[in-house]
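Since we're looking at a predicted model, the values are computed, not measured. Letters go in sequence order (proteins before strands), and every chain restarts at 1.
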Amino acid sequence: MTDVRVRIAPSPTGQLHLGTARTALFNYLFARHNGGTFIFRLEDTDQARSTVAFEQDIIDELHWLGIKWDEGPVVGGEAERGTFGPYRQMQRLPRYREAADRLLAEDKAYQCYCTPEELETERKRQEAAHETPRYNGRCANLTAAQRAAFDAEGRKPVVRFRIPPDRTIVFDDLVRGRVEIDTSALGGDLVIMRSDETPLYHFTVAVDDAAMAITHVIRGEDHLSNTPKHILLFEALGSTIPQFGHLPLILNPDRTKMSKRKSQTAVADYRAQGFIPEAFVNYLALLGWSTGTEEEVLSLAELIERFDLSTVNKAGATFDRERLEWLNGQWIRRLAPDDLIDRLCPFLQTELDAGRIDWLPSDQELGALLPVVQERLPTLAAIGDLIGFLLVEDVAADPALIVPKRWDGATTAAALREARGTIARVGRVSWEADEIEPPLRRLVEDRGWKAGDLFMAIRVAVTGRTATPPLFDTMVALGYERTLARLDRAIETLEAQSAPSP
RNA sequence: GCCCCCAUCGUCUAGAGGCCUAGGACACGACCCUUUCAAGGUUGAGAUCAGGGGUUCGAAUCCCCUUGGGGGCACCA
């Protein structure tokens with residue numbers, strides 16, 4: 001095989017989309033597995049919808065995913081890499097113009113003066129007549145005089161590429177096998193240059209893939225039907241036709257192509273919600289592909305090692321957030337403590353900014369908590385819920401939650417008072433989980449209580465919630481004074497409530 | 001409407017003619033562990049392999065048809 005050259009060519013008309021990320025990943029895995037080159041090209045010819053903010057988002061999120069390109073444009077301080085540049089289509093305009101002129105000169109393309117209104121009218125007529133919408137070829141054979149007349153009218157022509165009327169285009173798709181499409185299904189001659197002289201997608205993609213010596217075009221299945229247009233263009237340009245591989249689409253729960261309308265599609269949103277790139281990449285790789293073994297938790301390096309385009313599935317795959325969360329938990333549990341602390345910090349900051357906590361823990365405090373916290377985090381963003389009660393001045397425990405089912409308010413208050421005494425006797429100096437637990441268990445035994453009842457009452461009194469990390473570790477983290485203070489407050493509340501009204 | 005692609009548990013998938021009375025994972029149920037919640041372990045339920053025809057000694061696997069789903073048909077990408 002000649003040196004593999006693949007690319008991801010997003011257009012900055014929106015945030016990095018899940019589907020684009022998956023396509024980027026598969027291209028990247030394919031390139032790395034085969035020792036090839038992975039190219040990043042920005043398709044920014046849709047000036048009306050492209051923005052620098054979107055461009056930055058795409059770059060940031062690709063970086064976040066760990067997908068690094070070998071060749072690519074100047075972006076945010078990074079110099080251009082590669083010798084096939086520029087890698088930004090708006091900087092390649094002269095090349096498209098030159099290619100279009102060549103096709104024009106060879107009569108493989110022609111100038112079309114039909115106005116958008118005329119085309120629209122024709123399209124409507126065809127629809128009404130239940131005909132396949134296609135360009136009718138009205139300008140296909142204009143004489144020089146006719147063209148001059150249109151020019152004199154001030155009409156600005158587009159350039160149309162001649163699609164041969166009755167040819168069958170055949171190609172061997174790397175994931176789908178042999179595909180045949182008749183040129184009559186292509187909608188007639190194809191506009192390749194707008195009247196404002198900017199090029200259109202199908203044209204730029206062929207010109208650039210040829211110029212950048214792309215060997216394998218790996219993209220979403222939504223481009224399958226467009227592939228004959230590209231093949232025809234490669235031929236007309238006298239370029240080598242790359243191999244194609246069309247990936248199955250990622251689907252909404254209703255099995256339509258995943259869209260912003262129906263699903264969360266921005267990679268940035270998943271990042272903000274506390275997914276980590278290890279899990280995200282792992283999940284994306286498993287949408288439409290598997291190793292063929294029962295291995296599922298795989299690092300980027302392992303994915304590269306095992307990736308095989310020929311075993312990619314053909315059918316679309318529904319995005320399943322629950323499975324992503326499970327994988328995220330798997331990967332969070334595998335993180336080294338210091339690493340996890342670093343990743344948690346921004347999420348704690350978010351909690352602080354939102355006013356859900358009153359201060360940030362030190363790295364040391366957070367580190368001490370990690371053993372009981374790490375396996376309880378489905379996402380990094382769950383940290384606030386998990387330990388927030390440690391980072392606020394006070395918690396207001398709901399008396400209804402403090403009182404166990406078997407007890408009433410007065411009993412609970414009395415039990416907590418005894419427990420408070422026992423805990424206080426442990427003392428600040430020997431304030432460790434295994435110093436607190438035994439005396440409390442003895443108390444439970446002496447009084448004939450259920451350990452669960454007392455512990456739950458203490459838990460709610462001290463944290464304000466029923467689901468927390470292990471109780472004794474929690475009290476240690478809270479500290480001696482705050483634990484006692486919260487117990488006192490809960491006891492007061494309960495007593496005030498169960499006292500007979502005056 | 002026309003063209004193309006696809007079809008195994010709810011979901012992601014294994015399966016390249018006999019290893020399949022279809023395996024794994026997520027989610028779900030039960031149990032174990034256990035101070036709650038998780039995590040972990042065990043286990044259960046869950047797919048007549050869309051339907052129908054072939055081919056074959058034998059089909060989830062090959063062929064055809066039907067049905068269903070998706071995608072594409074722009075001076076968007």
Side-chain angles (χ1 to χ4, degrees), chain A residues 9-11 13-14 20 43-46 48-50 112 114-116 119-120 123 126-127 129-135 156-160 173 176 179-182 184-188 190-196 198 200-202 204-205 220-229 246 248-249 251 253-257 283 286-297 311 313-327 329 333 372-378 386 437 440-441 444 450-456 458-460 463 465-472 474:
Chain A
S11 91
T13 53
T20 311
E43 307 214 329
D44 54 355
T45 55
D46 184 351
R49 295 193 299 148
S50 296
C112 166
C114 297
T115 63
L119 294 171
E120 179 61 19
R123 194 173 307 119
Q126 290 172 333
E127 257 171 52
H130 295 291
E131 289 171 20
T132 307
R134 59 180 293 119
Y135 177 62
K156 297 278 182 234
V158 300
V159 178
R160 276 187 195 271
D173 191 275
R176 266 144 234 282
V179 177
E180 300 187 15
I181 298 176
D182 201 276
S184 62
L186 266 30
L190 179 71
V191 179
I192 58 175
M193 297 288 275
R194 296 183 178 92
S195 52
D196 69 0
T198 57
L200 257 358
Y201 169 76
H202 294 301
T204 59
V205 84
E221 196 203 327
D222 45 354
H223 283 105
L224 189 62
S225 313
N226 290 325
T227 302
K229 295 174 186 168
H246 287 92
L249 260 19
L251 274 22
D254 66 3
R255 302 204 70 84
T256 54
K257 180 163 81 162
Y283 181 70
L286 262 22
L287 268 186
W289 177 74
S290 77
T291 59
T293 70
E294 283 174 7
E295 306 175 291
E296 297 191 292
V297 183
T311 59
N313 296 129
K314 299 190 196 37
T318 310
F319 187 84
D320 179 5
R321 190 191 171 93
E322 301 213 67
R323 199 168 147 82
L324 205 212
E325 280 199 14
W326 170 76
L327 261 178
R333 267 163 246 143
V372 294
V373 150
Q374 192 156 11
E375 69 193 26
R376 277 165 241 267
L377 289 172
L386 240 196
E437 182 169 358
L440 279 176
R441 289 207 180 267
V444 162
K450 293 274 184 195
D453 289 344
L454 206 229
F455 293 170
M456 185 51 90
I458 297 174
R459 181 191 316 283
V460 178
T463 68
R465 33 203 328 162
T466 55
T468 72
L471 181 59
F472 306 108
T474 297

Using atom P in both nucleotides, what's the gap between B:U8 and B:A47 to the nearest angstrom?
15 Å

Closer than 4.0 Å, any side-chain N/O of A:Asn313 to the OP1 or OP2 of B:U13?
yes

Does B:C33 pair with anything, Watson-Crick or G-U wobble, both distances under 3.5 Å, and if so, with which nucleotide?
none

Should A:Arg123 and A:Glu127 count as an ion pair when the cut-off is N to O under 4.0 Å?
no

For the pair made of NE2 in A:His130 and P in B:G1, what is the distance, rounded to whole Å?
9 Å

Can you check the distance between B:A30 and B:A45, where both ends of the measurement are the C1' atom (answer in whole Å)?
10 Å

Nearest-Å distance, CZ (A:Phe319) to C1' (B:G10)?
17 Å

Rounded distance (Å) that lies between atom C1' of B:C4 and atom NZ of A:Lys314
15 Å

If you take all heavy atoms of A:Glu221 and A:Lys314, which pair is closest and at what distance?
OE1-O, 4.3 Å

Can you check the distance between B:G46 and B:A22, where both ends of the measurement are the P atom (answer in whole Å)?
11 Å

Between B:A38 and B:C32, how far is it from one C1' atom to the other, in whole Å?
16 Å

Between the side chain of A:Gln126 and the main-chain N/O of A:Arg134, is any donor-acceptor distance below 3.5 Å?
yes

Tell me the partner of B:C20, counting only Watson-Crick (N1-N3 plus N6-O4 or O6-N4) or G-U wobble (N1-O2 and O6-N3) with both under 3.5 Å; none if nothing fits.
none

Whichever of A:Asp182 and A:Gly316 has its nearest RNA chain B nucleotide further upstream toward 5'
A:Asp182

Complement of B:A25, any strand, by Watson-Crick or G-U distances under 3.5 angstrom:
B:U11

To the nearest Å, give me how far apart CG (A:Leu287) and C1' (B:U11) are.
10 Å

Base partner of B:A39, which must satisfy Watson-Crick or wobble distances under 3.5 Å
none

If the threshold is 4.0 Å, N to carboxylate O, is there a salt bridge linking A:Lys257 and A:Asp222?
yes

With rounding to whole Å, what would you report as the distance between B:C31 and B:C37 at their P atoms?
13 Å

Just how far, in rounded Å, is C1' of B:G24 from CD of A:Glu294?
4 Å

Using whole Å, report how far CG of A:Asp320 lies from C1' of B:G24.
15 Å

Roughly how many Å apart are B:G18 and B:U61, using the C1' atom of each and rounding to a whole number?
11 Å

What nucleic acid atoms does A:Tyr283 come within less than 4.0 Å of, heavy atoms only: base, sugar-phosphate, or nothing?
nothing

Using only heavy-atom distances, determine whether the side chains of A:Arg255 and A:Thr318 contain a donor-acceptor pair under 3.5 Å.
yes

Taking the C1' atom in each of B:C20 and B:C26, what is the distance between them to the nearest angstrom?
23 Å

Sugar-phosphate means primed atoms, P, OP1 and OP2; the rest is base. With that split, encode nucleotides 36-44 of chain B 5' to 3' as B, S or - using protein heavy atoms under 4.0 Å.
BBBSS----

Geometric class of the A:His223/A:Tyr201 ring pair [parallel <30°, tilted 30-60°, perpendicular >60°]:
tilted

Please check this pair: side chain of A:Asn313 against backbone of A:Ala315, looking for a donor-acceptor N/O pair closer than 3.5 Å.
no

B:U35 P sits how many Å from A:Ile458 CD1, rounded?
13 Å

Quick check for you: to the nearest 0.5 Å, what is the distance between A:Ser11 atom OG and A:Asp46 atom CG?
6.5 Å

Could you tell me how far B:C6 sits from B:U43 if I compare only their P atoms? Round to whole Å.
38 Å

So, for A:Thr474 and A:Pro469, which heavy atoms are closest and what is the spacing to 0.1 Å?
OG1-O, 3.1 Å

For the side chain of A:Arg323 and the base of B:A27, is some donor closer than 3.5 Å to an acceptor across the two?
no

Can you tell me how far C1' of B:G10 sits from CZ of A:Arg321, to the nearest Å?
19 Å

Would you give a per-nucleotide map of nucleotides 69-77 of chain B, 5' to 3', where B means the base has a protein non-hydrogen atom under 4.0 Å away, S means only the sugar-phosphate does, and - means neither?
-BBSS-BBB

Run the ring-ring contact (aromatic ring centres under 6.0 Å, His included) test against A:Tyr135 and tell me which residues pass, sequence neighbours left out.
none

